[in-house]
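Atoms considered below: every heavy atom in the structure, side chains included; atoms not considered: hydrogens, waters and symmetry mates. Chain letters run A, B, ... following the sequence lines, proteins first, then strands; residues in each count from 1.
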There are 2 protein chains.
Amino acid sequence: MALDIVEFSKQVGVSTATVSRAFSGRGRISDKTRERILEEARRVGFTPNVHASRLNLKRTSQIGLFYSFSEEPIFDYYNMELAQEIAKAAEKRGQALHLELSRSGKSNEDRLRQLTHGAALDGIIVVVDGRASGARLLESIRGCPAVVVTSKPWSPVGKEIVVELDVFTGMAEAVRDLASQGHERIGFIDTAANGGKSAGFSRIMREVGLRVDPKIIIEGSISFADGQKAFHQLAPQQPSAILCATDILAMGALNEASGMGLRVPQDISLVGMDDLAFAAYTTPSLSTVGIPRSQIAKTAIDSILSQLDDEESEKPRASARHVIGSYYVPRSSIGPRS
Amino acid sequence: MALDIVEFSKQVGVSTATVSRAFSGRGRISDKTRERILEEARRVGFTPNVHASRLNLKRTSQIGLFYSFSEEPIFDYYNMELAQEIAKAAEKRGQALHLELSRSGKSNEDRLRQLTHGAALDGIIVVVDGRASGARLLESIRGCPAVVVTSKPWSPVGKEIVVELDVFTGMAEAVRDLASQGHERIGFIDTAANGGKSAGFSRIMREVGLRVDPKIIIEGSISFADGQKAFHQLAPQQPSAILCATDILAMGALNEASGMGLRVPQDISLVGMDDLAFAAYTTPSLSTVGIPRSQIAKTAIDSILSQLDDEESEKPRASARHVIGSYYVPRSSIGPRS
DNA sequence: AGAAAATGCGTAAACGCTTACACAAAAATC
DNA sequence: GATTTTTGTGTAAGCGTTTACGCATTTTCT
């Protein structure tokens, strides 16, 4: 605190410029001087003030992560696992993660504006669950490199990069696997989040050549308890397999199956989605649709950094769209039709 | 970018001081002027640069969160849930979370020094799993307000505040509950993390008046698979109940029980620890030891903020220790001894 | 050996805000 | 109504770095 660069440089007997060069690695400086300075800094405990530095450089090495949801803030396991991957990817590229949990109301946008316009962030990753909330948020960003992570189709609002997850590639694999094991009557427990996935499910069923029975499609659930309830409703309709739009719903279903005295997978097959770490830990372990989280994370971070580079070399910015597929993870919650 | 405070203040027809006052809320300014300035700022899109501001204020409104582990970096569900609570608590107090995943080697300490000495952080929360790694890390912090979060006894290295979780209060409740349901022969699957909990387990057993049989205590496991393996080893010794040092281990045990044809809780009772969100979602749902995560988080954040206040009012800093107890969460994985 | 190029370092002007201090105008006091 | 107090605003000196530019000194080239 007491020790600033001018004090310190005097102690070492060089100019502030030289000290700055020693720390930044930029500019011309002899190896000998650099080492002497760094050594001395360690000895007396001098560390350059990051704010002064950032004020000059206009770089912060911080990337923001925003979760923007139309409904109440959801920071669930799914998002936590994603956040973790993003943090890892950021770190690998020398960036720190600035995690911002979405707050209620429109203060969200104000906050985002403050951070991006105020130059606190080098870039921003926004995870959205739907058009409405996301688009509004994006507008408050303007010049700052941004990427939108979504699992719904998203066409750019501005110059943002979009990283889009296609949950249906993995779902299709799952349905095909079920079909190959003799299942024809496949039910679906949909999620309320993100606009639901049942339209995609129906499309896939048709593509695979299976009949879609709306009676065994349940719309809009969220929680473990919803999964239980939905399964309870569905079971009397005698599907031989049920797909669930999230792993949590599948766990609820699994639980209710056991409560109703049905064995999984002997009596009924169950598939989740998201491949949360816990999906492998249920009994029986849950077949699910895996999400290449680390790839999503890496793509997002890399996109920001390359936008930053382009900015530096004055290249024009353009929006781009990366679509990343999901994949099927077979485990023991499915089996041949009984 | 193009618009700085002096440009902007000219446009509005006031001085930079007045603009600064309008944004910061500090200093004397008439309501009318403030509103006019804020309104105009919104119109033309002016946001104060945070770095310039922080350079002056020496406050960043950012709190760092470090995980320091002696072994390989573990950022598991347990830590994720804790991190989430800390992020929430920080946000509630107007602080942003700077999440730093621990990296390999000693670059960790360098990084920490850089952030704290470089004034990038208002305070730092270090989650440690043992004395050795933590103490070394703490030494690199010096003046910056720090709190250590731990589940092992920790005596201060410097002026840090320690928030200590006592996992044994909840464990004792669990053992007492088991005892009251007729269980006497209680096994224990210990964790390898954090130095283990079996000593505490034995103490509790003795306090409750139950015999400790070392043959049904298994030391040092980590993963789901370890839980399975440990249960497999333990079952032939016929304990009527098993405590597991983490929920993950308990899930492994639950799974293996089912694999061996044992019913939980009819044939054997099972208790986990940590109360991860998922513990409620197993079949049967897992009795466990709950951790007041939000209280830990709040205590940690509040400690930092109060250290900051004390610093401002020149009060002397002193170390302090908050011990927070855990509690028993009974669910359906336990029942009377058969 | 002399000219040209490269290297190492210092000086000083930014970077964009905050705030102590000064001062005029308005409000409160007697 | 004169004096004191309070309020609102401006001036300008920081905050602690970075880096363009300039000048020696050293190295390279012919």
Among the candidates [options], find the nucleotide nearest to the side-chain atoms of [X].
X        : options                   : result
Asn49(A) : dT19(D), dG16(D), dC9(C)  : dG16(D)
Ala17(B) : dG10(D), dC9(C), dA12(C)  : dG10(D)
Ser15(B) : dT18(C), dG22(D), dG10(D) : dG10(D)
Ala52(B) : dT18(C), dC17(C), dT7(D)  : dC17(C)
Asn56(B) : dG16(C), dG16(D), dG10(C) : dG16(C)

Just checking [X]: base, sugar-phosphate only, or nothing, at a heavy-atom cut-off of under 4.0 Å?
X        : result
Thr33(B) : sugar-phosphate
Leu55(B) : base
Val14(A) : sugar-phosphate
Val19(B) : nothing
Phe8(B)  : nothing

Strictly below 4.0 Å: does [X] bring a side-chain N or O up to OP1 or OP2 of [N]?
X        : N       : answer
Arg26(B) : dT19(C) : yes
Lys58(B) : dT18(C) : no
Ser30(B) : dT9(D)  : yes
Ser53(A) : dT18(D) : yes
Ser20(A) : dT17(D) : no

[X] versus [Y], closest heavy-atom pair with distance:
X         : Y         : result
Cys144(B) : Ile124(B) : SG-CG2, 4.1 Å
Tyr67(B)  : Asn79(B)  : OH-O, 2.8 Å
Pro145(B) : Gln307(B) : CA-OE1, 3.4 Å
Ala96(B)  : Arg111(A) : CB-NH2, 3.9 Å

Problem - Nearest-0.5 Å distance that lies between atom CD1 in Ile37(A) and atom OG1 in Thr18(A) - result: 6.0 Å
Exercise for the section: Measure the spacing between CG of Asp122(A) and CD1 of Ile63(A) and express it to the nearest 0.5 Å. Expected result: 6.5 Å
What is the distance from [atom1] of [X] to [atom2] of [N], rounded to the nearest Å?
X         : N       : atom1 : atom2 : result
Leu3(B)   : dC17(C) : CG    : C1'   : 13 Å
Ile5(B)   : dG16(C) : CD1   : P     : 11 Å
Gln114(A) : dC17(C) : CD    : P     : 13 Å
Leu57(A)  : dT17(D) : CG    : C1'   : 8 Å
His117(B) : dG16(D) : NE2   : P     : 16 Å
Arg28(B)  : dA26(C) : CZ    : P     : 16 Å
Lys32(B)  : dT7(D)  : NZ    : P     : 16 Å
Asp31(A)  : dA6(C)  : CG    : C1'   : 15 Å

Problem - Toward the 5' end of DNA chain D, by each residue's nearest nucleotide, Arg34(B) or Phe23(A) - result: Arg34(B)
Practice task
Please state whether the base of dG10(C) and the side chain of Arg21(A) form at least one donor-acceptor pair under 3.5 Å?
Solution key: yes
